[in-house]
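Values reported hereafter were calculated over all heavy atoms of this structure, with side chains retained and with hydrogens, waters and symmetry mates removed. No experiment lies behind these values; they were computed from the predicted model shown.
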Amino acid sequence: MSTDLKFWDHVDELRKRLIRAVLGVLVGAAGGLYYSEQLLAWLTQPFRDALPANAQLAVLTPTEGFNVYILVGLYGGVIVALPWVFYQLWGFVAPALYPTERRLVVPLVLASTLLFLLGAGMCWWLLPQALAFLAGFSTGNSTVFWSLDTYVTFVVLLAVAFGVCFQLPIVMAVLIKIDLVSPETFRHYRRIAYVIIVIIAAIVTPTTDIFTLSALSIPLIVLYEASIIFGSLWQRRSSINSN
């Protein structure tokens, strides 16, 4: 009975954390909606930079323009609320840490936010080349004529995918810290991990050229190795504190 109660206590805590995260996103979205026009101009800049002047982003349905402005505001709200969302996530994980380590929640929030923005920044850097590559599949004298909604969704989801991939070292370090996976296991299976990283990078990136693939996979491999070192040091420090 006590085990069941403990399980449902965790479920209730997760529910509370999710509600708080959603409320934070909604508050951020209020500001994002106010700046939707500026955000939309920023999101479409890579399209204008990478493609010829006759390429166009079109509003194809009566409600598409309105929907795009709402979505851009929500996306902006997510970015603004990102530290708060990560705080709720790591706040849920914190009970698994020693009391002396719970003060690391704030550094974990900052690290998660920084890594997410770093991944999104990598995506932004690669985006013009990716768009030019995809537009190159237009045949004959056809003109690039993409839906504005589809384009914005593509750019945002791609940036989110890069940002999530860059959470790898944080996840690995926590797994090592709570003794779910040992550093030796990560070292032993590093070759398999490298292959998986390259496969994930190939799935996430919209192009197949070696430059774009390397631009994501190499930083992830470096982060993989760095996370093993960081996780080992964190685990060793925890052992010293517990003794």
Side-chain angles (χ1 to χ4, degrees), residues 6-45 63-125 127 148-175 177-178 204 220 223 227 230 234:
K6 188 175 181 180
F7 171 78
W8 288 113
D9 286 342
H10 285 304
V11 171
D12 185 58
E13 177 65 17
L14 179 60
R15 180 184 62 83
K16 292 178 181 178
R17 294 285 180 179
L18 289 175
I19 291 174
R20 292 171 187 168
V22 170
L23 290 175
V25 170
L26 292 177
V27 172
L33 288 171
Y34 184 79
Y35 291 102
S36 283
E37 187 173 351
Q38 292 88 335
L39 290 172
L40 184 58
W42 180 65
L43 286 173
T44 55
Q45 187 62 48
T63 59
E64 183 173 338
F66 175 78
N67 292 339
V68 167
Y69 270 84
I70 296 298
L71 286 175
V72 167
L74 290 176
Y75 296 147
V78 171
I79 298 300
V80 170
L82 204 57
W84 174 251
V85 173
F86 281 127
Y87 179 78
Q88 297 306 319
L89 172 64
W90 291 117
F92 177 73
V93 176
L97 306 176
Y98 288 106
T100 56
E101 294 173 332
R102 290 174 188 170
R103 63 177 180 269
L104 294 175
V105 168
V106 172
L108 282 173
V109 169
L110 295 176
S112 297
T113 303
L114 179 62
L115 286 171
F116 186 94
L117 295 177
L118 185 62
M122 177 70 70
C123 169
W124 192 255
W125 178 57
L127 188 58
L148 179 62
D149 188 6
T150 302
Y151 168 81
V152 169
T153 301
F154 168 78
V155 171
V156 171
L157 290 182
L158 189 62
V160 169
F162 271 68
V164 170
C165 287
F166 269 63
Q167 299 301 304
L168 176 66
I170 303 293
V171 174
M172 287 178 58
V174 171
L175 290 177
K177 166 62 193 66
I178 61 179
V204 170
L220 286 178
L223 290 173
S227 63
F230 177 73
W234 194 8

Result block: side-chain N/O donor-acceptor pairs under 3.5 angstrom for residues 22-38, not counting sequence neighbours:
| from | atom 1 | to | atom 2 | distance (Å) |
| --- | --- | --- | --- | --- |
| Ser36 | OG | Gly32 | O | 3.2 |
| Ser36 | OG | Leu33 | O | 3.2 |
| Ser36 | OG | Tyr69 | O | 3.0 |

| request: Could you pull out all residues at least two apart from Ala111 that satisfy side chain to side chain contact (heavy atoms under 4.5 Å, CB included)? | output: Ile170
| said: With rounding to the nearest 0.5 angstrom, report the OG1 to CG distance, Thr113 to Leu117. | reply: 6.5 Å
| query | Going by heavy atoms in the side chains, are Thr44 and Leu148 under 4.5 Å from each other? | reply | yes
Less than 3.5 Å apart, which donor and acceptor atoms pair up between the side chains of residues 74-88 and the rest of the protein, not counting sequence neighbours?
| from | atom 1 | to | atom 2 | distance (Å) |
| --- | --- | --- | --- | --- |
| Trp84 | NE1 | Arg20 | O | 2.8 |
| Gln88 | OE1 | Arg17 | NH1 | 3.1 |

| query | Are any of the side-chain heavy atoms of Ile19 and Lys16 separated by less than 4.5 Å? | reply | no
| task | Output the distance between atom CG (Leu71) and atom CG (Leu40), rounded to the nearest 0.5 Å. | result | 10.5 Å
| said: Could you work out, with side chain to side chain contact (heavy atoms under 4.5 Å, CB included) as the rule, every residue matching Trp42, not counting sequence neighbours? | reply: Trp124
Return a table of donor-acceptor pairs under 3.5 angstrom between the side chains of residues 149-158 and protein atoms on other chains or two or more places apart.
| from | atom 1 | to | atom 2 | distance (Å) |
| --- | --- | --- | --- | --- |
| Asp149 | OD1 | Thr153 | OG1 | 3.4 |
| Thr150 | OG1 | Ser147 | OG | 3.4 |
| Tyr151 | OH | Leu43 | O | 2.7 |
| Thr153 | OG1 | Asp149 | O | 2.9 |

| request: Please report the closest heavy-atom contact between Pro169 and Ser227, naming both atoms and the distance. | output: CA-CB, 3.3 Å
| Distance-only, no hydrogens or angles: does the Gln167 side chain make a donor-acceptor pair with backbone N or O of Leu115 under 3.5 Å? | no
